[in-house]
Protein chains: 2
Amino acid sequence: MKILNKKVILDDGIFSSTTDYQKILDDIEQAVYAIEYPVGSGGFYLNGERKGNGVKPIKDAFIEKLNELGWDDERKVLNPSIRKRKIDSTIELSDGRFFGVEWETGNISSSHRAINRLQKGMLEQDLAGGILILPSREMYNYLTDRVGNFKELEPYFELMSHTNINGVLLIIEIEHDGIDPSVPSIKKGTDGRALI
Amino acid sequence: MKILNKKVILDDGIFSSTTDYQKILDDIEQAVYAIEYPVGSGGFYLNGERKGNGVKPIKDAFIEKLNELGWDDERKVLNPSIRKRKIDSTIELSDGRFFGVEWETGNISSSHRAINRLQKGMLEQDLAGGILILPSREMYNYLTDRVGNFKELEPYFELMSHTNINGVLLIIEIEHDGIDPSVPSIKKGTDGRALI
DNA sequence: TATGGATCCATA
DNA sequence: TATGGATCCATA
């Protein structure tokens with residue numbers, strides 16, 4: 001899997017200048033690039049059937065990879081305030097706050113909620129920042145109809161930036177490495193481990 | 001149908017002091033209270049089956065009533081900029097701007113998008129304000145699972161207020177008048193006219 | 001019971 | 001093709 005774009009929605013320049021933040025970006029890149037399909041292919045290939053691939057296994061693979069890098073998925077996290085926020089994956093920072101990542105697999109409308117969930121955590125000082133990861137519109141063509149995608153959320157980026165909430169908020173656009181008609185469709189319920 | 005609550009999310013005190021705004025609130029109240037089920041009962045009664053009632057006919061009845069009061073549903077509106085915004089119902093103001101109303105019937109996550117849609121219109125100066133109408137949690141119990149409801153959006157109200165966008169933004173909580181096991185369930189696809 | 005999601009539909 | 005919706009599922 002590859003990263004096409006990292007769009008900065010909010011950045012007050014403070015947390016983004018820390019080494020904690022650099023480590024977070026490294027982890028995210030590593031986890032995205034680690035997602036393989038088929039396993040061992042050295043890349044992420046979809047079979048080209050439009051609306052033909054389920055999204056959950058891809059997300060599971062990413063979250064599992066972050067777990068390996070020391071992050072906590074929403075079931076692992078112990079801090080009560082963070083646990084209630086039900087953020088896909090979080091990591092604790094040197095100052096006791098957290099950083100949250102959402103990998104969007106629901107309907108595009110739930111991408112609006114995901115951004116709100118991250119901004120709410122920032123506004124309430126639990127989060128130093130957050131990242132929402134979305135498929136490109138090109139990748140979206142091969143996934144479950146109406147799932148969140150970068151292009152469809154783009155018209156709202158300016159609105160989402162129009163606030164004085166402190167911290168860093170990014171939206172990262174990802175994409176498959178190519179189409180390969182010989183690979184099977186990714187089905188709903190497939191074990192995410194199979195994609196790392 | 002009755003109104004339980006009018007929550008002010010944004011109000012800069014300017015548009016909210018106009019007679020245009022008073023007329024808008026009157027129209028909304030009139031349209032909500034005009035929704036009857038069964039027709040002629042003088043109220044809005046649900047049959048008490050949990051998750052048993054479709055929401056579209058209720059919305060259709062409300063939008064049709066606003067049309068009668070001079071508002072434009074998303075298919076009627078002619079102004080190109082407003083038309084693109086796909087707001088459920090709008091009305092043109094004395095100053096050439098518009099006011100928008102969304103009656104939420106989709107998933108709760110789409111209520112986040114509906115608020116963003118209204119705030120975007122306000123930020124871009126097309127709208128002087130907007131209203132989102134949501135069922136109470138009590139009413140939600142009898143509607144399609146996971147539809148937008150006031151209580152579930154409430155934790156986000158403070159975040160939604162945390163911006164300096166000009167104009168008025170309200171969230172109105174509505175509720176049925178009572179339960180009557182003798183009335184039929186409201187089914188998907190039922191003509192909204194039947195509920196006015 | 002509460003909340004995030006996953007999926008497919010309708011219409012311009 | 002693009003966008004808002006409508007519905008039901010999974011899990012804590």
Side-chain angles (χ1 to χ4, degrees), chain A residues 50-60 63 73-77 80 83-89 100 102-118 120 132 135 137-138 140-141 143-156 185-190, chain B residues 50-60 63 73-77 80 83-89 100 102-118 120 132 135 137-138 140-141 143-156 185-190:
Chain A
R50 297 179 93 82
K51 301 181 186 176
N53 298 278
V55 283
K56 191 162 186 303
I58 312 176
K59 171 178 178 173
D60 290 346
I63 299 299
D73 68 42
E74 57 180 317
R75 285 173 303 185
K76 263 181 73 186
V77 66
R83 200 177 169 84
K84 277 181 209 144
R85 297 184 186 278
K86 300 195 172 182
I87 292 165
D88 290 339
S89 186
E102 298 272 2
W103 179 287
E104 187 58 51
T105 53
N107 186 287
I108 174 69
S109 65
S110 82
S111 304
H112 291 256
R113 180 174 57 192
I115 288 289
N116 281 352
R117 197 179 305 123
L118 293 171
K120 184 170 189 284
L132 172 64
R137 187 72 183 197
E138 178 55 26
Y140 161 84
N141 290 143
L143 306 177
T144 303
D145 191 23
R146 308 307 295 119
V147 296
N149 62 89
F150 191 88
K151 188 182 171 201
E152 192 169 347
L153 201 62
E154 208 163 24
Y156 292 93
S185 294
I186 299 176
K187 287 306 175 197
K188 179 182 166 186
T190 302
Chain B
R50 295 178 97 80
K51 301 182 187 176
N53 297 278
V55 282
K56 191 161 186 300
I58 311 175
K59 171 179 178 173
D60 291 345
I63 298 299
D73 67 42
E74 56 181 315
R75 287 173 303 185
K76 262 180 73 187
V77 67
R83 201 177 168 85
K84 277 180 209 145
R85 298 185 184 278
K86 298 193 173 185
I87 292 166
D88 290 340
S89 186
E102 298 271 0
W103 179 287
E104 187 58 52
T105 53
N107 186 287
I108 175 69
S109 65
S110 83
S111 304
H112 291 256
R113 179 174 56 191
I115 288 290
N116 281 352
R117 197 180 303 125
L118 292 172
K120 185 171 188 282
L132 172 64
R137 188 73 182 195
E138 177 56 27
Y140 161 84
N141 290 142
L143 306 177
T144 303
D145 191 22
R146 307 306 294 119
V147 297
N149 62 89
F150 191 89
K151 188 183 173 202
E152 192 169 347
L153 201 62
E154 208 163 23
Y156 292 93
S185 294
I186 299 176
K187 287 306 174 197
K188 178 184 168 186
T190 302

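Quick note on labels: first sequence line is chain A, next is B, and so on, each numbered from 1.
B/Glu102 has its CD atom 9 Å from the P atom of D/dG4, to the nearest Å. Distance A/Arg83 CZ to D/dA12 P: 9 Å, rounded to the nearest Å. Taking atom CD of residue B/Glu74 and atom C1' of nucleotide C/dA12, one finds them 9 Å apart after rounding to whole Å. As rounded to whole Å, 14 Å separates atom C1' of C/dG4 from atom CG of B/Leu153. Rounded to an integer number of Å, the gap from CG of A/Leu118 to P of C/dG4 is 12 Å. Atom pair A/Asp73:CG and C/dG5:P shows a separation of 13 Å (rounding to whole Å applied). Across the protein-nucleic acid pair, A/Asp60 atom CG and D/dT11 atom C1' stand 13 Å apart, rounded to whole Å. Rounded to a whole Å, the CD1 atom of A/Ile63 is 16 Å from the C1' atom of D/dT11.
Within the nucleic acid shown, A/Asn149 has no heavy atom closer than 4.0 Å to any nucleic acid atom.
Ion pairing between a basic and an acidic side chain is recognised when a charged N comes within 4.0 Å of a carboxylate O; B/Arg146 and B/Glu152 show such pairing.
Residue B/Ser110 has its side chain nearest to D/dG5 when only C/dT7, D/dC8, D/dG5 are considered. With C/dT7, D/dA12, D/dG5 as the candidates, the nucleotide lying closest to the side chain of A/Arg75 is D/dA12.
Within the 4.5 Å cutoff, no side-chain heavy atoms of B/Ile63 are placed close to those of B/Glu74. By the 4.5 Å heavy-atom criterion applied to side chains, B/His112 and B/Leu153 are counted as neighbours.
Atom NZ of A/Lys84 has 12 or fewer heavy atoms from other residues, nucleotides or ligands within 6.0 Å.
DNA chain D is contacted by both B/Val147 and B/Arg85; B/Arg85 maps to the nucleotide lying nearer its 5′ end (nearest heavy atom per residue).
A side-chain contact (heavy atoms from CB on, under 4.5 Å) with A/Asn53 holds for exactly one of A/Leu143, A/Ile58, A/Asn141; it is A/Leu143.
For B/Lys56 and D/dT7, the shortest distance from a side-chain N or O to OP1 or OP2 is not below 4.0 Å. Residue B/Lys84 places none of its side-chain N or O atoms closer than 4.0 Å to OP1 or OP2 of C/dA12.
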_Could you go through A/Asp88 and A/Lys59, starting from their C-alpha distance and side-chain angles, then the distance that decides it, and tell me whether this counts as side-chain contact (heavy atoms from CB on, under 4.5 Å)?_
CA-CA 9 Å; A/Asp88 290 339; A/Lys59 171 178 178 173; 3.2 Å; yes
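In this structure, B/Asp145 contributes its side chain and B/Lys51 its backbone to no donor-acceptor pair below 3.5 Å.
A donor N or O paired with an acceptor N or O is not found under 3.5 Å between the base of C/dG5 and the side-chain atoms of A/Asn107.
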Report all interatomic pairs (protein N or O, nucleotide N or O of nucleotides 1-3 of chain D) with separations under 3.5 Å.
{"unit_1": "D/dA2", "atom_1": "OP2", "unit_2": "A/Arg137", "atom_2": "NH2", "d": "3.3"}

